[in-house]
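Have a look at the structure below before the remarks.
For ligands, and for the atoms within them, numbers begin at 1 and follow the listed sequence. Being a predicted model, the structure only gives us computed values, none of them experimental.
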Amino acid sequence: MLLSKRLLWGIYFINLIYEKVFCQQVPCAARSYGQSSIICVCNATYCDTVEPESRLPQGYANMFISTLAGQRLEKSSISFTHQPSKTAQVTLEVKPQSVYQTMLGFGGAFTDATGINILSLSLPAQYHLIQSYFGSMGLEYTLGRIPMASCDFSTHLYSYDDSPGDLGLANFTLAMEDLKYKIPIIQKAQSISRHKISLFGSPWSAPAWMKTSQNMTGYGTLIGNPGGPYYKAWANYFVRFLEEYRKYNITLWGLTAQNEPTDGYIHNFPFQAMGWYPDQQKDFIALDLGPAMKAGGFSDVKLMILDDTRLNLPYWAEKVFSHQSNASMYVSGIAVHWYEDFIAPTLSLDVTHKEYPDKFILATEACITGNFPSKVSLGNWENAEKYAHSIIEDASHWVTGWSDWNLALDMEGGPNWVKNFVDSPIIVNAKADEFYKQPMFYAMGHFSKFVTPGSQRIEMSQDTSVEDFESIAFQRPDGSVAVVILNRGTSPVLTAIHDPLVGYLNRTVPPRSLITFTWWR
Ligand SMILES: *[C@@H]1O[C@H](CO)[C@@H](O)[C@H](O)[C@H]1NC(C)=O
Ligand SMILES: *[C@@H]1O[C@H](CO)[C@@H](O)[C@H](O)[C@H]1NC(C)=O
Ligand SMILES: *[C@@H]1O[C@H](CO)[C@@H](O)[C@H](O)[C@H]1NC(C)=O
Ligand SMILES: *[C@@H]1O[C@H](CO)[C@@H](O)[C@H](O)[C@H]1NC(C)=O
Ligand SMILES: *[C@@H]1O[C@H](CO)[C@@H](O)[C@H](O)[C@H]1NC(C)=O
Ligand SMILES: *[C@@H]1O[C@H](CO)[C@@H](O)[C@H](O)[C@H]1NC(C)=O
């Protein structure tokens with residue numbers, strides 16, 4: 001079994017080199033499930049790829065377009081003109097001298113559900129799936145979230161130490177799920193990626209015995225107070241997690257102090273959660289977690305606070321970073337989730353950045369929860385627009401990267417032990433040995449593949465406002481520019497993009513489309 005596995009991976013590695021050398025782009029095998037748009041079908045022998053960018057001479061731009069009508073990151077080139085088009089409705093002016101935040105990347109989460117779904121496919125189909133996200137002919141994701149122990153996208157409740165009273169963590173051990181569903185997939189992603197993947201861990205709950213509720217679900221918090229034995233044990237649990245993953249050559253870039261700390265203060269909260277008030281998180285970081293990470297040799301791991309909706313900002317940051325403690329010196333960033341964005345203005349991000357310009361803001365979780373009648377909506381274009389809109393909005397307000405939730409779910413939107421099913425950019429149909437790339441998958445790609453780590457957001461002005469028309473610009477580490485335009489409207493928009501160094505790009509942005517332009521200056 002092991003030998004044949006290796007052989008298969010070997011064959012597909014040769015296949016990868018072949019694709020690389022001959023740059024053979026494989027088109028989308030479109031299928032309709034009666035939604036607004038199509039999905040692209042992949043199986044053991046077939047999977048669409050994205051044609052790599054060309055290093056074009058000055059005066060030309062690459063253009064990648066996806067549309068409701070069915071184009072998926074379709075590549076073409078377009079030349080700059082010296083004159084603006086007289087028919088342009090909108091002129092965008094790129095201003096690379098005005099620089100905002102530096103981008104970390106885009107990605108998704110290695111949940112138990114993700115691993116279970118990937119492993120439910122044949123080996124060649126598994127290869128195609130991992131390649132689709134992390135390969136050079138795929139989306140080239142560079143961010144990955146790892147739930148520490150179980151979350152709702154697990155099949156059951158477990159922690160890394162279920163021995164009651166084991167404050168010394170003598171029985172701390174990774175779960176079968178880490179060894180089977182997370183670590184091997186992360187290792188494969190790393191082995192095929194040409195980028196460093198910034199991985200970060202997030203806990204949902206401490207072991208039940210460490211909590212006031214004696215339960216990983218529902219209302220509950222750690223026993224005692226910051227600085228006390230349970231808080232110390234919980235801090236060491238993070239260090240043990242980092243150490244165990246390192247044994248598998250997986251070095252984490254970051255940690256969030258708690259997934260959605262406000263959930264654990266909701267009565268009867270249905271799945272794993274643990275409650276924190278911002279003052280409590282501040283004291284835990286200052287007295288326990290910060291010092292434990294330092295003592296364990298992990299002070300370079302980027303610690304993030306909040307990991308919850310931006311509705312909590314700037315209040316949460318103001319509490320944690322208050323001068324009464326040392327918490328701030330251990331914290332690198334603030335993690336936000338997109339749920340409730342519709343009632344939380346972007347001003348919360350702007351104010352937080354203004355108050356704490358040396359702390360980055362990272363979007364660490366988003367997914368579509370509201371599809372009806374079923375949680376998985378195959379071919380739904382509106383969901384792609386929601387992803388792209390959120391990324392443009394966030395990155396326009398200091399957010400440095402955007403991590404999706406589950407990388408792959410099944411036809412139901414699971415598995416999830418509390419049946420909290422949701423949608424995902426890749427849906428796995430194990431019975432057919434197929435997986436489906438949703439419009440959301442390509443929406444992620446319009447950013448992840450082109451806005452490479454280290455890119456900086458730059459200013460781009462727009463002369464007239466057009467409803468449902470949004471755009472954003474970045475300068476990449478090699479000086480090239482990437483512009484992404486989202487048209488959620490039902491009319492085409494004649495657009496001119498002006499780069500003072502190069503000229504005008506004149507292009508009609510079709511209705512219901514997403515376009516990425518890249519060029520060298
Ligand atoms: C895989 O997909 C390709 C392209 O759609 C198709 O031609 C082929 O028959 C599929 N293979 C199987 C086993 O379904
Ligand atoms: C700009 O594009 C529009 C439609 O795409 C076309 O009619 C017009 O001639 C173009 N103008 C220039 C200057 O290229
Ligand atoms: C560790 O687990 C073993 C087996 O369940 C148990 O006997 C032992 O008491 C545990 N150790 C601690 C320190 O809790
Ligand atoms: C944990 O809490 C849930 C409700 O959130 C309850 O159904 C379950 O019985 C509790 N388990 C234990 C071991 O107390
Ligand atoms: C980790 O990487 C080192 C050096 O690249 C290698 O020697 C070692 O075998 C790897 N360990 C595991 C468990 O993969
Ligand atoms: C903050 O840390 C310094 C050492 O870095 C220590 O001397 C001081 O007591 C700490 N302050 C608090 C309030 O913990």
Side-chain angles (χ1 to χ4, degrees), residues 8 11-12 15 19 24-33 38-50 70 72 120-129 131-132 137-138 149-152 154-176 204-223 229-230 232-234 236-237 239-240 244 259-275 378-379 411 416-420 426-438 441:
L8 262 170
I11 290 165
Y12 281 89
N15 187 31
E19 280 175 0
Q24 298 256 357
Q25 193 249 331
V26 180
C28 165
R31 186 185 294 167
S32 170
Y33 278 86
I38 50 102
I39 48 114
C40 301
V41 182
C42 293
N43 61 24
T45 57
Y46 191 94
C47 196
D48 59 292
T49 60
V50 187
R72 294 293 179 262
S120 72
L121 291 163
S122 63
L123 275 173
Q126 286 179 33
Y127 161 83
H128 280 143
L129 198 157
Q131 189 69 30
S132 293
M137 305 285 282
S150 66
C151 69
D152 55 328
S154 300
T155 56
H156 64 115
L157 288 161
Y158 63 88
S159 84
Y160 294 141
D161 192 337
D162 289 321
S163 297
D166 185 18
L167 287 166
L169 304 181
N171 280 346
F172 184 101
T173 168
L174 292 182
M176 172 280 281
W204 265 245
S205 173
W209 58 265
M210 288 192 194
K211 297 175 68 185
T212 52
S213 53
Q214 298 290 301
N215 200 328
M216 290 182 81
T217 72
Y219 180 104
T221 186
L222 282 177
I223 295 171
Y230 288 87
K232 288 264 174 276
W234 181 232
N236 289 329
Y237 185 102
V239 172
R240 293 287 295 109
E244 289 301 317
N259 174 68
E260 299 186 355
T262 60
D263 290 350
Y265 282 127
I266 297 171
H267 280 275
N268 301 319
F269 192 79
F271 55 87
Q272 296 91 320
M274 188 156 70
L378 289 175
M411 297 290 277
N416 181 296
W417 74 275
V418 283
K419 299 194 172 8
N420 179 29
I426 284 188
I427 296 297
V428 170
N429 180 350
K431 250 186 230 148
D433 195 33
E434 289 177 340
F435 65 91
Y436 308 134
K437 292 179 180 171
Q438 294 263 49
F441 175 88

- Query: What distance do Asn236 atom CG and Leu169 atom CG have between them, rounded to the nearest 0.5 Å?
  - Reply: 6.0 Å
- Query: How long is the span from the CG atom in Leu157 to the CZ atom in Phe271, to the nearest 0.5 Å?
  - Reply: 11.5 Å
- Would you say atom 7 (O) of ligand 1 touches the protein, meaning some protein heavy atom is under 4.0 Å from it? no
- Message: Which residue is it: Ser159, Cys151, Ser154, Ser150? I am looking for the one with a side-chain contact (heavy atoms from CB on, under 4.5 Å) to Trp204.
- Response: Cys151
- Please determine, by modelled atom types, if Thr45 and Asn43 share a side-chain donor-acceptor pair under 3.5 angstrom. yes
- Query: Looking at Asp48 and Arg72, does any basic side-chain N land under 4.0 Å from a carboxylate oxygen?
  - Reply: no
- Please identify which atoms of ligand 1 are closer than 4.0 Å to at least one heavy atom of Ala29. 5 (O)
- Task: Enumerate the atoms of ligand 1 whose separation from the nearest heavy atom of Thr45 is less than 4.0 angstrom.
- Result: 1 (C), 11 (N)
- Nearest-neighbour protein heavy atom for atom 14 (O) of ligand 1, which is reported as residue plus atom name and distance: Asn43 ND2, 3.5 Å
- Item | Closest approach of any protein heavy atom to atom 4 (C) of ligand 1, naming residue and atom | Tyr46 CG, 3.5 Å
- Between Tyr237 and Phe172, how do the two ring planes meet: parallel, tilted or perpendicular, split at 30° and 60°? perpendicular
- In terms of residue, atom name and distance, what is the protein heavy atom nearest to atom 13 (C) of ligand 3? Asp166 OD1, 3.4 Å
- Query: Between Asn215 and ligand 4, is there a nitrogen or oxygen pair with a distance under 3.5 Å?
  - Reply: yes
- Message: Regarding ligand 4, does Thr217 bring an N or O atom to under 3.5 Å of one of the ligand's N or O atoms?
- Response: yes
- Query: So among Asn429, Ile38, Ile427, which one has a side-chain contact (heavy atoms from CB on, under 4.5 Å) with Leu378?
  - Reply: Ile427
- Out of Leu167, Asn171, Asp162, Thr173, whose heavy atom is nearest to atom 12 (C) of ligand 3? Asn171
